[in-house]
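To start, the structure under review is shown below, and the notes come after it.
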Amino acid sequence: MISFRYARANDVADAVRQIAGDPDAKFVAGGTNLIDLMKMDVERPTKVIDITRLPLKQVENTPGGGLRIGALVRNSDLAYHPQVEARYPVLASAIMAGASQQLRNMASTGGDLLQRTRCCYFYDTATPCNKRERGSGCSAIAGQNRMHAILGASDACIATHPSDMCVALALLEAKVHVSSASGDRVIAFAEFHRLPGETPERDTNLDAGEIITAVELPPKGFATNYTYLKIRDRLSYAFALVSVAVGLELDGDTINDCRFALGGVAHKPWRDPRAEAALRGRRANAATFADAADVLLRDAKGYAHNTFKIDLARRCISRALMQAARGTPQSQSSKKIA
Amino acid sequence: MTEVENPGSGRDAEKLPRAVQTTVRERVGAQSPMTTPEAVSVRLTVNGTRHSLLLDPRTTLLDLLREHLDLTGTKKGCDQGQCGACTMLIDGRRVNSCLTFAVMYDGARITTIEGLAADGALHPLQQAFIDHDAFQCGYCTPGQICSAVGLIAERRATSADDIRELMSGNICRCGAYTNIVAAIQQVMGRS
Amino acid sequence: MAHYIGTPTSRVDGFAKVTGAAKYAAEFNVPGLVYGSVVTSTIAKGRIARIDLSAALRVEGVLDVLTHENRPTMADNDQAYKDDVAPAGSPFRPLYDGRIMFSGQPIALVVAQTSEIARFAASLVRVDYETDTHITDVHCQREAAIPLKPPGDPIEAMFTPPKTRGRPEQALAAAAVRHAGEYYVPIEHHNPMELFASTVIYDGDGKLTVYDKTQGVQNVQHYLCRVFGMKPEDVRVMSPFVGGAFGSGLRPQFQVVLAVLAARALRRSVRVVLTRPQMYVLGYRPAMIQLIELGANADGTLDAIMHDAITVTSRYEDFFRQETGWSGLLYKCANAGYKHKLARLDLATPCDMRAPSATTALFALESAMDELAVALNLDPLELRLRCYSERDQHNDLPFSSKALRECYRQGATAFGWDKRNPEARSMRDAGDLVGWGMATGVWEALQMPITVRIALSANGHAEVACATSDIGTGSYTIMAQVAADMLGLPLENISINLGDSSLPQSPVEGGSWIAASVSNGIATTADAIRDELLRLAKQMPGSPLANIASGEVTLADGKLISKGDASRSVSITDAMRHAAVDRIEQEKTYNPSNDVTRAHNTHSAIFAEVKVDEQIGVIRVTRVVSAIAAGRILNTKTASSQILGGVVWGIGMALHEETLIDHKVGRIMNANIAEYHVPVNADIHDIKVIFVDEPDDSNPLGIKGLGEIGIVGVAAAIANAVYHATGKRVRDLPITLDKLRL
């Protein structure tokens with residue numbers, strides 16, 4: 001880890017002032033990802049601004065009937081928040097599917113959005129990686145790529161986004177509130193993370209000098225028919241091979257509204273309006289769900305070690321939609337698949 | 001509560017042997033040395049003892065305890081947040097201390113494995129771990145026990161499945177998991 | 001007299017472990033300690049062309065950077081680097097020269113005032129390489145694999161395949177039912193929880209006290225003396241607690257060499273702690289490609305076994321164990337043949353990892369037996385019983401004891417095996433496919449010469465000393481139990497000293513041989529203590545033991561007691577006080593009898609239940625019963641834990657563990673425990689351990705050892721259960737869900 005200057009920020013204005021114009025500065029909150037990457041010399045900030053004292057720790061109802069989550073709300077506090085458990089259980093479930101309780105006790109809401117990929121080449125500075133060093137090449141395309149993307153990848157990068165929480169936030173169409181020295185703005189969740197394209201070094205559309213202050217959940221929480229199904233190589237404390245968040249609104253067995261988002265398959269939480277459209281107005285049954293999966297996976301592409309994820313994703317989508325339709329969401333404790 | 005003033009990192013600044021100094025200087029040549037970052041002051045309460053410290057900001061809470069305060073009960077198993085051996089309680093919550101900068105925790109109250117036994121009497125979890133042989137090599141044990149203290153305080157686990165899931169952030173390579181669950185159940189059943 | 005032996009005694013080091021008081025190698029803090037951080041190679045093969053330390057040395061707080069160009073003198077011959085358990089070849093010499101033999105090889109050590117500074121400066125060392133072509137993929141070396149040489153010495157003979165028995169090719173060709181299958185076990189890593197570390201305390205006079213993570217303090221001491229030309233009295237190696245090792249600590253590892261190099265160069269105390277990724281070059285379970293061919297008669301008896309293996313080794317040492325011989329040992333079969341080749345790769349040398357060779361070989365053999373049972377339309381357990389061997393067929397010897405039949409019986413009963421529907425995919429539980437599988441395990445019951453010192457005080461306290469280790473196995477506890485019973489004292493009156501090279505001689509802790517060796521060592525020395533006490537007691541006026549022979553008395557309840565007449569006794573305290581002796585000290589060597597007339601083995605039967613989601617393929621191991629025949633069990637609590645641990649390892653081997661190498665760069669890409677998956681708590685459910693009664697007289701206490709047997713066969717039992725659940729036979733581990741494609 002390189003040596004850095006440490007500074008504490010007192011409020012949001014102070015934080016954005018301290019980071020303004022310093023491209024080598026980073027904010028630290030939970031530290032669970034940044035400190036790990038700093039130890040591995042992947043992240044090399046010369047200045048680290050501690051934002052843990054910022055007043056961004058509240059979960060509040062919004063006038064529009066939604067929920068505003070301060071950027072410093074810890075993962076576990078959010079998952080256990082009564083409003084989240086009652087109104088947005090898919091978010092609670094997704095959070096509990098990720099990492100360990102110790103990490104959830106540390107990780108912040110804003111930091112979770114900025115979590116970087118687990119691609120083993122990104123982590124290993126002895127190997128080329130376009131995300132870490134632009135133009136150096138992607139080692140994963142012809143290397144170890146079991147964990148890698150099957151959707152939306154580019155010739156420059158096939159990394160995946162590792163967050164579980166973000167998959168649920170994509171489903172819920174959260175809004176990301178950000179501030180900078182030049183003012184505040186709101187970024188739709190679908191616009192927050194990027195596909196790798198030719199610039200895989202950029203994970204998000206957050207600009208330099210911006211800080212996430214809150215994540216806002218719209219009123220619709222799919223609290224009745226939802227699930228978060230995460231499949232991984234061991235039964236806990238592992239990153240997703242494929243995960244699926246689902247929210248349905250049913251009228252009898254007809255699907256009135258439907259959203260589903262995938263984790264572990266792309267550079268960002270993956271939603272597909274066409275696949276969701278394929279469900280609306282149709283009967284909630286296995287054939288419908290299989291059709292939707294086929295639509296979502298129509299352009300899926302595998303590599304040497306991860307082609308299985310295409311079929312796995314298809315099965316997981318069908319299963320997760322079934323779980324949601326039946327009102328039997330996946331438990332994150334019992335490892336039997338509901 | 002006792003207070004310990006601990007200026008500096010606790011390292012003595014003793015002079016190097018002459019031969020070594022020469023070697024290093026010769027090889028560095030005329031170039032100026034890269035200085036260490038500005039030390040940052042932090043106050044922490046560890047197991048009831050207040051410490052005032054001046055630290056390299058890179059110092060993790062884990063290394064602070066192990067290398068500066070000689071509290072080696074908290075273990076380093078991966079230094080990457082992947083094993084849970086470094087679990088300690090900060091303001092009552094279980095965290096991985098390897099992924100912290102100590103300077104971020106100014107004013108925090110930290111409890112480590114050394115702080116669980118009150119006046120020589122073992123914490124019920126410590127006794128239960130012995131009774132159920134919930135460890136072998138013992139290296140993950142302080143982290144397991146601190147994690148279990150956190151687990152019980154969270155009041156979220158009601159079944160063996162819950163315990164297994166919520167203790168999955170503590171890897172035990174000796175494979176004592178079934179005994180760990182039994183030890184925790186015993187204490188939960190009593191509390 | 002056995003108050004403690006055979007009981008579920010809680011660990012005597014438990015208090016130290018649950019309070020954090022137990023100190024491991026990196027936890028001995030002394031004033032003036034400095035920190036070493038290791039720089040490792042980024043290429044797999046070649047030579048260091050240039051190494052630029054200038055940036056690292058400019059960092060304030062850096063004391064020195066050691067490389068092959070500037071290091072102090074080290075030994076220049078292979079013999080110096082050959083430790084007690086080194087395989088044939090030319091051992092790796094840390095920082096010796098500029099050759100690169102594997103990616104991740106240590107090439108420099110930065111020493112600094114703090115660990116943070118050292119690690120930062122290590123990242124600034126710039127290296128230019130001349131790169132050679134490397135090969136790290138065993139599958140690419142299949143054709144180039146070389147047959148094992150005929151053994152050069154008795155040790156090598158232990159590890160080379162047994163002689164062919166009968167005419168296996170012909171028997172196979174004539175067999176009524178044949179099965180052939182190729183099985184693969186990938187490279188696996190030990191991943192003990194404790195990071196490998198050494199703290200070298202530099203005493204003023206140049207003497208070193210080395211706290212090292214090792215399974216053999218004396219092995220490390222002897223090695224350091226040879227490598228650095230030091231006298232034994234100048235190097236003391238200590239490892240009072242070891243945070244797991246599983247074989248990775250059998251050989252001296254490079255961190256101890258680097259720490260000693262730095263301590264000698266700087267003339268001060270140094271600590272070197274490896275990072276978790278750096279530990280992936282310390283040795284590993286070698287990948288193994290195996291072809292098993294079985295030929296059976298229609299009645300389910302075996303007539304031919306052929307076992308061919310290719311295992312991985314490095315370019316500089318030939319590491320192998322007797323991978324293939326287990327097949328000809330376990331089942332009765334007149335014809336057996338073995339072939340074993342080595343694939344030399346540009347990787348570090350493999351090393352022993354929990355039940356080396358048996359674990360990998362029995363995955364193949366026991367999977368193949370399951371496949372044969374299917375081919376014969378026979379219950380897998382019934383097949384094992386029909387092939388039951390009463391003799392070690394390699395040498396046509398009886399076993400000293402073999403209660404495997406009882407393992408099968410008790411294990412099957414506890415599991416409920418008789419309720420198994422033989423059809424694959426026939427059993428279900430609420431949407432899950434249910435599978436029941438079983439397998440057999442076997443290991444060796446070994447003993448080694450060992451020396452134990454006991455010092456008995458007149459107040460009835462005894463100190464037991466031996467340079468062995470407790471790597472989590474429970475040595476402290478069983479040693480205290482045995483000593484307490486042999487000396488007739490309460491457990492709390494016994495203190496155990498181990499993990500110190502200055503103590504009486506011990507072999508490395510491995511192979512499951514320490515329990516039998518050290519326990520009998522304690523018994524031997526306790527007998528000498530008893531004899532000395534009797535000599536003193538006889539000197540007492542009117543001694544009730546005046547005319548009694550040493551074999552006629554026993555130590556119990558703090559007294560010497562006549563075996564024939566319990567009313568004749570003298571207390572330890574009285575005997576010693578009367579003779580004005582405060583302390584009796586005896587040091588004796590236990591030399592196990594070299595019983596070549598019988599075979600000595602432990603056995604197990606493992607029954608596993610898996611539940612598999614039919615749509616997704618997620619596998620859960622919901623139940624395991626492991627029935628163990630391992631002679632006398634010294635401590636049912638710690639012994640059970642060892643078996644539980646072995647089962648957990650078997651579950652990891654079956655479902656999770658695989659070291660992934662990018663063969664293009666020759667580098668391990670999941671060198672951490674987030675991506676190298678070992679089981680977590682959620683992966684482990686119901687495990688039942690049964691110890692069957694197995695009296696054995698191979699040594700006076702009837703002990704066989706337990707460290708390895710728990711893992712052997714478990715992966716096969718799970719793979720067989722997965723087959724039974726799903727109808728899919730997976731022959732390459734780990735069984736990840738993508739291999740099921742249900």
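Residue numbers start from 1 in every chain, and the chains themselves are labelled A, B, ... in the order their sequence lines are given, proteins ahead of strands.
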Item checked: When B:Gly84, B:Cys98, B:Ala160 are compared by non-hydrogen pairs under 4.5 Å with chain A, the top option -> B:Cys98
Notebook entry, point to check: Can you say whether B:Cys78 sits under 4.5 Å from chain A via the side chain, the backbone, both, or neither, judging by heavy atoms?
Noted result: neither
Margin query: Could you tell me if A:Gln101 and B:Ser147 have a donor-acceptor pair between their side chains, going purely by distance under 3.5 Å?
Written below: no
Item checked: Value rounded to 0.5 Å, distance of CD in B:Gln80 from CG in A:Leu37 -> 9.5 Å
Margin query: Quick check for you: among A:Met40, A:Glu85, A:Arg104, A:Met96, which has the greatest number of heavy-atom pairs under 4.5 Å with chain B?
Written below: A:Glu85
Check: Considering only heavy atoms, which portion of B:Gln82 lies under 4.5 Å from any heavy atom of chain A: side chain, backbone, both, or neither?
Finding: both
Check: Of all heavy-atom pairs between A:Gln102 and B:Thr87, which one has the smallest distance, and what is that distance?
Finding: NE2-OG1, 2.8 Å
Next item on the list: Would you confirm whether A:Tyr6, through its side chain, and B:Val40, through its main-chain N or O, come within 3.5 Å as a donor-acceptor pair?
Entry: no
Margin query: For a quick test of reading the model, state the closest non-hydrogen atom pair linking A:Ile2 to B:Arg58 and the distance between them.
Written below: O-CD, 3.4 Å
Checklist line | Heavy-atom pair with the smallest gap, counting every atom of B:Leu99 and A:Thr32 | finding: CD1-O, 3.2 Å
Next item on the list: Please name the residue in the list A:Ser236, A:Ser331, A:Ser333 that meets the side chain to side chain donor-acceptor pair (under 3.5 Å) test with B:Glu165.
Entry: A:Ser236
Notebook entry, point to check: Can you say whether B:Arg94 sits under 4.5 Å from chain A via the side chain, the backbone, both, or neither, judging by heavy atoms?
Noted result: both
Item checked: Contacting moiety of A:Asp50, where chain B heavy atoms sit under 4.5 Å -> side chain
Checklist line | Side chain to side chain, A:Met106 and B:Ile90, heavy atoms closer than 4.5 Å | finding: no
Notebook entry, point to check: Got a sec: does the CZ of A:Arg326 have more than 12 other heavy atoms crowding it under 6.0 Å?
Noted result: no
Note to self: Counting only non-hydrogen atoms closer than 4.5 Å, does A:Ala29 touch chain B with its backbone (N, CA, C, O), its side chain (CB onward), both, or neither?
What the structure shows: backbone
Notebook entry, point to check: For the atom pair OG1 (B:Thr60) and CE (A:Met1), what is the distance rounded to the nearest 0.5 Å?
Noted result: 8.0 Å
Checklist line | Chi angles and distances behind the side-chain contact (heavy atoms from CB on, under 4.5 Å) call for A:Arg53, B:Asp106 | finding: CA-CA 11 Å; A:Arg53 282 165 182 71; B:Asp106 191 41; 3.4 Å; yes
Notebook entry, point to check: Could you walk me through whether B:Arg93 and A:Arg74 pass the side-chain contact (heavy atoms from CB on, under 4.5 Å) check?
Noted result: CA-CA 11 Å; B:Arg93 293 160 66 109; A:Arg74 306 288 174 186; 3.5 Å; yes
Note to self: Need one label for B:Ser159: side chain, backbone, both or neither, based on atoms under 4.5 Å from any heavy atom in chain A.
What the structure shows: neither
Next item on the list: Measure B:Ile163 against the heavy atoms of chain A and call it side chain, backbone, both or neither at under 4.5 Å.
Entry: neither
Check: To the nearest 0.5 Å, how far apart are OG1 in A:Thr52 and CZ in B:Phe101?
Finding: 12.0 Å
Notebook entry, point to check: Could you give the distance from CD (B:Glu154) to CG (A:Asn105), rounded to the nearest 0.5 Å?
Noted result: 5.5 Å
Next item on the list: Measure A:Ser334 against the heavy atoms of chain B and call it side chain, backbone, both or neither at under 4.5 Å.
Entry: both
Margin query: Which heavy atom of B:Cys83 sits nearest to which heavy atom of A:Tyr237, and what is that distance?
Written below: N-OH, 3.6 Å
Check: Cut-off 3.5 Å, side chains only: do B:Ser168 and A:Arg234 have a donor facing an acceptor?
Finding: no
Checklist line | Residue pair B:Val103 / A:Arg8: nearest heavy atoms and the distance that separates them | finding: O-NH2, 2.8 Å
